[in-house]
Amino acid sequence: MCIRTFVKINLMHFSDLGLSPALLTAIQRANYDTPYPIQVEAIPAVLQRKDILGLAPTGSGKTAAYILPILQHLLQQEAPRDRQVPVLVLVPTRELAIQVAEVTENFSRFLPRRIKSLAIFGGVSINPQMMKLGGVEVLIATPGRLIDLVGRNSVGISRIHTLVIDEADKLLQMGFREEMDHLLELTPKKKQTLLFSATQDQELASLIQQLLKDPVEIQVAPTDFTPDAILQEAYRVSPETKGPFLRQLIQSGDWKQILVFASSIRTADNMVVKLNKNGIQAVAFHGDKSQGARTEALAKFKSGKTRVLVATDLAARGIDIQGLPLVINYELPRSPKDYIHRIGRTGRAGATGHAISLITPEEQHHFKVIQKKMGKWVTLVPEEAFGKPSDSTGLSEQSEA
Ligand code: AMP
């Protein structure tokens, strides 16, 4: 296995990576200036039809790292006239499917020939997806729905030349191994496989062994995505003042968008009702909402039509909201990992982020556990100090005594 460890290469340009003028124009039109490190490593290797093992979290620019060279390959051949797709991207969630399709479409619309892509996922009616499958060149799919559509002969994956497995660790964690094995059986032996994962464990190692042939390994150091780029603040509030404090906080700044996390669907729904009652436009995003409602809520939030999105941890992973200025933890997640995922929605792609947590006395101990796991301490400030310069109050206290 050829291992390429992540090195920051600032001097590289997209034009150094072997991409054709058509792709370079699309990149320019999409306003990408300089390639991210994973793109510097992956694009030439994918263009050379090598298998890839990309150890990279969301936010590293991995989607463009695989989709750009794939689009270049597709431009060199004719669009299929049947329902046999040439490129399959397997993803764990509907949200990621939609996101990858958006990135693909974003580049594709500037190409000399429009490359047709489609995201298919469960939880919504199958018929509209079935009707759109003709001539698709990049199919982005969650495993269950794909098995369904293949079973109905609505789409074929027996002639794919490129397979991407995105967030492979999450696919395994979500118990999709059997479905994946079933689907992989249906794909040709000879194909290029690109596998991306944020974490590595034994199960992933066995999948890698099964799938990848002499892959180029690219590691994007997780340290690049530690919370260092994110300004973290914490306020000590009482359970009674938490709600009013949140509203005061939201109204105190001119943040374009605010993502507020709650730990349960009920709290999220209640919070939305309260915020709306108080004249703060907010929408809920959680697993109890229909797929349609979730997609709409996310689209409105992304476009800036809704200022506050109140979400459960469903939104903590994978969702990419460009330039999100503020994350508020109304309640803490149980797992420290989820805390990092939550605050990682801000401060992405080189931007500075901002995360504020509201901590009741009961949550104080758990917050310490989270900070210990994160390896970074956040000063806990009494709510009375809000809005005052921190050094003039004399009120701030270290949460680590
Ligand atoms: P990803 O890791 O693929 O989810 O990408 C994270 C974010 O970075 C997305 O908002 C991309 O649009 C953005 N992005 C990826 N590559 C570049 C680049 N070279 N220049 C600017 N933005 C980028």
Side-chain angles (χ1 to χ4, degrees), residues 6 8-19 23-44 46 52 54-72 89-110 117 119 138 140 164-170 194-199 218-222 224-226 229-230 256-257 259 298-299 301-304 315-325 327 340-353:
F6 164 78
K8 236 188 172 98
I9 306 167
N10 288 323
L11 298 172
M12 279 289 196
H13 299 286
F14 276 111
S15 55
D16 299 325
L17 305 179
L19 290 164
L23 265 297
L24 292 176
T25 306
I27 291 166
Q28 202 182 18
R29 302 282 294 274
N31 284 328
Y32 283 19
D33 249 5
T34 323
Y36 289 171
I38 191 164
Q39 294 159 359
V40 170
E41 295 292 326
I43 290 172
V46 180
I52 300 276
L55 297 168
T58 301
S60 56
K62 66 179 162 60
T63 319
Y66 66 75
I67 219 64
L68 288 167
I70 284 177
L71 289 174
Q72 178 150 323
V89 183
L90 270 186
V91 294
T93 60
R94 308 149 189 195
E95 282 74 25
L96 186 61
I98 292 170
Q99 213 167 283
V100 173
E102 275 174 9
V103 175
T104 312
E105 176 57 25
N106 195 24
F107 292 121
S108 175
R109 65 204 166 106
F110 299 123
S117 59
V138 182
I140 305 129
V164 182
I165 304 194
D166 201 346
E167 295 195 359
D169 49 350
K170 203 164 175 201
L194 318 172
L195 186 146
F196 293 86
S197 179
T199 56
I218 301 159
Q219 291 183 349
V220 174
D224 234 41
F225 301 93
T226 52
I230 299 161
K256 188 167 65 76
Q257 290 147 310
L259 178 58
L298 202 59
F301 187 59
K302 279 187 176 182
S303 69
R317 281 167 191 254
I319 284 185
D320 176 40
I321 301 142
Q322 221 160 4
L324 177 69
V327 165
I340 293 171
H341 279 298
R342 282 184 182 187
I343 67 169
R345 300 305 99 204
T346 168
R348 307 186 76 202
T352 340

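Both backbone and side-chain heavy atoms feed into the values below; hydrogens, waters and symmetry mates do not. Whatever order the structure lists ligands and atoms in, that order sets their numbers, starting from 1. What you see is a predicted model, and the numbers here were worked out from it, not measured in a lab.
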Enquirer: Using modelled atom types only, decide if a donor and an acceptor are shared between the side chain of Glu95 and the backbone of Leu298 within a distance under 3.5 Å.
Expert: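 No, the answer is negative, given that no donor and acceptor are paired below the 3.5 Å cut-off.
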Enquirer: Given 3.5 Å as the limit, does a donor-acceptor pair link the side chain of Gln39 with the main chain of Gly61, or not?
Expert: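 It does hold such a pair.
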Enquirer: Give every residue pair that meets the salt bridge (Lys or Arg N to Asp or Glu O under 4.0 Å) criterion with at least one member in residues 55-65, sequence neighbours excluded.
Expert: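 Only Lys62-Asp166 qualify under salt bridge (Lys or Arg N to Asp or Glu O under 4.0 Å).
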Enquirer: Just to verify, what does Tyr66 make a ring-ring contact (aromatic ring centres under 6.0 Å, His included) with, not counting sequence neighbours?
Expert: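 Tyr66 satisfies ring-ring contact (aromatic ring centres under 6.0 Å, His included) with Phe196 once adjacent residues are dropped.
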Enquirer: Could you tell me, atom by atom, which parts of ligand 1 come under 4.0 Å of a heavy atom of Ser60?
Expert: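 Those atoms are 2 (O).
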Enquirer: Does ligand 1 come near enough to Tyr32 that some N or O of the ligand is less than 3.5 Å from an N or O of the residue?
Expert: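 Looking only at distances, the answer is yes, because the N/O contact criterion of under 3.5 Å is met.
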Enquirer: Using a 4.0 Å heavy-atom cut-off, which part of Thr34 comes near ligand 1: side chain, backbone, both, or neither?
Expert: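 The answer is the backbone.
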Enquirer: Using distance alone, determine whether Asn31 and ligand 1 share an N or O pair under 3.5 Å.
Expert: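 No, no N or O pair falls under 3.5 Å.
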Enquirer: Could you tell me which atoms of ligand 1, counted from 1 in the order shown, lie closer than 4.0 angstrom to a heavy atom of Thr63?
Expert: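 Ligand 1 atoms under the 4.0 Å threshold to Thr63: 1 (P), 3 (O), 4 (O).
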Enquirer: Can you tell which of Phe196, Phe14, Tyr36 gets a heavy atom nearest to atom 15 (C) of ligand 1?
Expert: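 Ranked by closest heavy atom to atom 15 (C) of ligand 1, first place is Tyr36.
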Enquirer: Could you check whether any side-chain heavy atom of Glu102 comes within less than 4.5 Å of a side-chain heavy atom of Thr104, counting everything from C-beta outward?
Expert: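 The answer is no; the side chains never approach within 4.5 Å.
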